[in-house]
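As a basis for the values below, the full set of heavy atoms in this structure was taken, side chains included, without hydrogen atoms, waters or symmetry mates.
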Amino acid sequence: MKSYKAFPFLILVACVFLGSCSGVPKGSIGGGGTANVSFVLISDTPPATLGLISFKIVPTAITLTPSTGTATTFSLNSGNGFSYDLVRLQSDSGFLGTVTKIATGTYTSVAVTFSSATLAFFNGTGVTISNLGQPCLVNTVCVASFPGPFTSTITTSQAISGNAGLGIDVNLANSLTLSGSTLTLNFANTVALPVTTAFTLPRANSNLAPGQLALIEDITGVVSNATLSGVTVTPAPVMNSLPIAALTNASTNYDPNPTNTLCLSPTTQLPSCVSNNQAASMDAILNTDGTFTMREIEPLLPSPIVDTVEGTVYAIASSTNPTNLNQFSMIITNLIPAPTNSLIGSLSVASKFTVNIANSPLPFSVDTKGLLVRNGFPNSYNNFANMVNTAAIHLGQTVAVQVTAFTAANGTTPASSTVDTVTLRWTRFTANTAIAASGAFTINALPGHFGFTQGTTFVAQTFTTGSQGADGITNLEGFQFDTSNLKVNSPVAMRALFIEDPGNTLSPAFFAAKVRQQQ
């Protein structure tokens, strides 16, 4: 009974996310029915010489133009938009919202408007980029802002006959152009350089059941509306991201937090795993009607929430000062502020952040999110878990830190903090498949900010495959059965734990929760 009561609430929430749903056509183009249409955002094909670390974009509106009649524009968050990181969406999918009661028929174009963009990248171009706020020197990490708005119009016809989903795919290389020493951002589609394309959900070879459109992974934020049958996970206000409400079912997985102190097995009830005002990570299936079914959830922090900053490591002090094992720098990719007296309210995604590990920190931890890394690969796991200094830290890793002291940014000096612990989380990136094999495959050509030459190879471990979001498996997308069917010498995107030893000799070094064959 609770599920039936929640259904209209979820549809209403989806409608609110995209702004007012009044004015949506009530009949089909030419007469007929209506449908709910959900939109997701992904990205592919990063530029070879720009090591993308974060690429924050803010979609504000989607305009659908029918073959007959007038176009209809749907505003996201009342036109203010929501933030998405296109680096993250190389492997993941971002939910843009569900438009209810759209007229069925044929639509000749889909246009997406973005308000602004912020890019953090490693300059591997071989030239200094001089047109940014500050010149970006060769082999350094820089942050650039691009004021909008930008509009990208996709002219491929889309037929909508019932509840459906459309994906918007951003070609990262085509959106970024380096001419001489000038870097520009462009979202205008041309025949020669299409920046955005559209595709019907679910994608081919996505291993989803009938009635399912996409798996939305690692939805990170604060829990609210917790009941026996569902929750809402809302990213922090500073993230300007879209809340997602999901219902449980018999297949929902409940995983422990990274320190293995909360939501311990054999928990099968949502209230015994997470509660209101607690930080959590959730995977959820987007259904054809616009609702969500929870596939996995885990608490990230005990209550009360403490200031937490997540980011991708781009510099480690010990590389220039071997005696300094307490400092590293990262590009911020996520924020979870404390509910009161937060120190980190001035921080923003895609900005630089300096981390100083306290003199007596808590042991480091690893967020395995149900993957059998701890018991299956203890040698790798213990190269990060229970460590206490930057001997465990490597360029390209994504980590979350708990802030105990904070200094705001000052001019060109980034904000800095003292932290009492470090948790390894999920690195998103695109590499090339060097050797396709089942179970574990080999990759090379990592993005420049990892600090390796393009020919350096690494083994990526996958886990039992199955239906999307099942516990302890690697989710596959864009190819069938297992990683032996990946295209050799072609780009492959991953969401993975990256663990190495000080000599970079571990094999495997990557533990993949998601593998997406780039198209």
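- With sequence neighbours excluded, the residues that form a side-chain contact (heavy atoms from CB on, under 4.5 Å) with Ser181 are Ser130.
- Between Phe146 and Phe187, a ring centre-to-centre spacing not shorter than 6.0 Å is recorded.
- Between Phe429 and Phe450, the distance separating the two ring centers is shorter than 6.0 angstrom.
- The salt bridge (Lys or Arg N to Asp or Glu O under 4.0 Å) contacts involving residues 339-349 comprise nothing, where partners must be two or more places apart or lie in separate chains.
- In this model, a donor atom of one side chain and an acceptor atom of the other lie less than 3.5 Å apart for Asp289 and Thr291.
- A donor-acceptor pair shorter than 3.5 Å can be found between the side chains of Ser342 and Asp307.
- Partners of Glu298 by salt bridge (Lys or Arg N to Asp or Glu O under 4.0 Å), not counting sequence neighbours, listed by chain and number: Lys369.
- The two atoms that bring Ile305 and Ala279 nearest to each other are CD1-N, 3.6 Å, heavy atoms only.
- A donor-acceptor contact closer than 3.5 angstrom is absent between the side chains of Thr182 and Asn131.
- Of the possible donor and acceptor atoms, none in the side chain of Gln397 sits under 3.5 Å from a partner among the backbone N and O of Tyr314.
- Counting heavy atoms from C-beta on, the side chains of Ile42 and Phe199 come closer than 4.5 Å.
- Between Asn189 and Thr153, the side chains place no donor N or O within less than 3.5 Å of an acceptor N or O (distance only, hydrogens not considered).
- Listed by chain and residue number, nothing satisfies the salt bridge (Lys or Arg N to Asp or Glu O under 4.0 Å) test with Lys56 (two or more places apart in sequence, or in another chain).
- Taken from CG in Leu178 to OG1 in Thr125, the straight-line distance is 5.5 Å, to the nearest 0.5 Å.
- The two atoms that bring Ser43 and Leu86 nearest to each other are OG-O, 2.5 Å, heavy atoms only.
- Under a 3.5 Å cut-off, the side chain of Asp283 and the backbone N or O of Glu296 do not form any donor-acceptor pair.
- Legend: residues meeting side-chain contact (heavy atoms from CB on, under 4.5 Å) with Thr312, ordered by chain and number and at least two apart, are Ile53, Thr333, Thr398, His449.
- Not one N or O on the side chain of Thr45 forms a donor-acceptor pair closer than 3.5 Å with the backbone of Ala173.
- The salt bridge (Lys or Arg N to Asp or Glu O under 4.0 Å) search around Asp92 returns Arg88, Arg428, Arg495, not counting sequence neighbours.
- Listed by chain and number, the residues in a ring-ring contact (aromatic ring centres under 6.0 Å, His included) with Phe55 amount to none (sequence neighbours excluded).
- Applying the salt bridge (Lys or Arg N to Asp or Glu O under 4.0 Å) definition to pairs two or more places apart or across chains, none involves residues 404-415.
- By the side-chain contact (heavy atoms from CB on, under 4.5 Å) test, Ser303 pairs with Gln278, sequence neighbours left out.
- Among residues at least two apart or in separate chains, there is no side chain to side chain donor-acceptor pair (under 3.5 Å) pair with a member in residues 411-422.
- Among all heavy-atom pairs drawn from Ile344 and Leu335, the shortest one is CD1-CD2, 4.3 Å.
- Gln158 has its side chain within reach of Thr200: a pair of non-hydrogen atoms, C-beta onward, lies under 4.5 Å apart.
- In this structure, Ala164 has no side-chain contact (heavy atoms from CB on, under 4.5 Å) partners at least two apart in sequence or on a different chain.
- Annotation for Leu270 and Ser229: closest pair CD2-C, 4.4 Å, computed over non-hydrogen atoms.
- With rounding to the nearest 0.5 Å, the separation of CZ in Phe150 from OG in Ser115 is 8.5 Å.
- Looking at Asp367 and Trp426, their side chains come closer than 4.5 Å, going by heavy atoms from C-beta outward.
- Thr113 and Thr151 form a side-chain donor-acceptor contact under 3.5 Å, judged by distance and modelled atom types alone.
- Checked against salt bridge (Lys or Arg N to Asp or Glu O under 4.0 Å), Asp85 has no partners two or more places apart in sequence or in another chain.
- Side-chain contact annotation: Asn171 with Thr197, donor-acceptor N/O pair under 3.5 Å absent.
- Under the 3.5 Å distance criterion, the side-chain polar atoms of Thr220 are matched with a main-chain donor or acceptor of Asp218.
- Classification of the Phe95-Phe292 ring pair by plane angle, with boundaries at 30° and 60°, yields perpendicular.
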